[in-house]
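This one's a predicted model, so the numbers in the text were calculated from it and none came from an experiment. Whatever order the structure lists ligands and atoms in, that order sets their numbers, starting from 1.
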Amino acid sequence: MAHLFTPFTVGSLALKNRIVMAPMCQYSVTAKDGKPNDWHYTHYTSRAIGGAGLVIIEMTDVEPDGRISDFDLGLWSDDHIAPFARIVDACHGYGAKIGVQIAHAGRKAEDAATPVAPSAIAFEGPQYKLPRELSTDEVKRMVERFGQAAKRAVAAGFDTIELHGAHGYLIHQFQSPVTNRRSDEYGQDLARFGVEVIQAVKSEMPSDMPLLIRVSAVEYVDGGYGIDHAIELCRRYREAGVDVVHVSSGGEGRPGKRKPGNYPGYQVPFARQIKEALGVPVIAVGMLDEYALAESVVASGDADLVAIGRGLLRDPYWPIHAAQALGVELNVPKQYARAF
Ligand SMILES: Cc1cc2nc3c(=O)[nH]c(=O)nc-3n(C[C@H](O)[C@H](O)[C@H](O)COP(=O)(O)O)c2cc1C
């Protein structure tokens, strides 16, 4: 039995295997209303049919100006619940569990007239505007928006929620000394915004539903934080109620002296370090789509789960092909059985 195909349970989330579909923006909300449409339905349901244990829906924003682009998903009104529920129900019908990544782009919101951020520091690049610094009261209201989005995610039937605390988006902007120069309580304590968001989101979730957070384990801009800071952030997030850490890196700006590894498995050591330091289940991600490599990450205990991004864009049946390559008994939809 390959380790990749052993079940994994955390709280009420019981997964049939260790394969997670990484959240990936589709920029396909053509109506610009934040609601998933037939593209999203087909895209996510196909990966459930393909055998992923957990599908995580792309970055889904808590307010319209929190979108990277107007073509992104959102959960800012109750009208959004039904179209998400349609995808949730379909994925459940094909044996997958499904979560949604709740987020706000902050200073990386490209279509917002004036993006908001912890501090008025622009992201480098011609498409990025100078953001406006959120007032302390606005930060508190932003925390509530995350809670309301979580409430709607629960109403839509999601099995879990992931907070996007990575890749230079709003939660990450608060936790980084490069982008958070505030003098109020949200600047004196770089973990505070994330902690309050976690508490607000958790208070809307059933007590046994696990909360995931994606973090950038290191920053690559000069002056950015390293793994020790990320471990301390995750310690606070864990105390606040996070159950699983999804370990990515970077995204906060142009790399300086420190460069991303960009080779298969380059982020796995970060996942291992966070897991060892905190004893928390972790998801490893980043160039893990070689079947033997994905298997070894779970087998060695480096991570509990592996997330596959581009590999699942190329091949919705990546899990079936991985099972074939690893010599595991295949669990192919009966309609496709003659093909494998
Ligand atoms: C098209 C595309 C969209 C992405 N959108 C998101 C996103 O919405 N949220 C996120 O946390 N990461 C996003 N990512 C990053 C992926 O989740 C993943 O971390 C990255 O692609 C590395 O994994 P891979 O090598 O398996 O593709 C995106 C990546 C791609 C290719």
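A perpendicular orientation is assigned to the rings of Phe193 and Tyr186, their planes being inclined by more than 60° (bins at 30° and 60°).
Scanning all heavy atoms of the two residues, the minimum distance from Ser216 to Gly250 falls at OG-O, 2.8 Å.
Applying the ring pair (Phe, Tyr, Trp, His ring centres under 6.0 Å) test to residues at least two apart or on different chains, none of the pairs has a partner in residues 198-220.
The residues lining ligand 1, counting any heavy atom closer than 4.0 Å, are Ala22, Pro23, Met24, Cys25, Met59, Gln101, His164, His167, Arg214, Val285, Gly286, Met287, Ile308, Gly309, Arg310.
Annotation: salt bridge (charged side-chain N to carboxylate O under 4.0 Å, His left out) contacts of Glu232 (sequence neighbours excluded): Arg235.
Judged by distance alone, with hydrogens and angles left aside, the side-chain atoms of Arg145 form no donor-acceptor pair with the main-chain N or O of Trp76 at under 3.5 Å.
Other members of a hydrophobic cluster containing Trp39 are absent, since no ILVMFWY side chain comes under 4.5 Å of it, directly or through relayed contacts.
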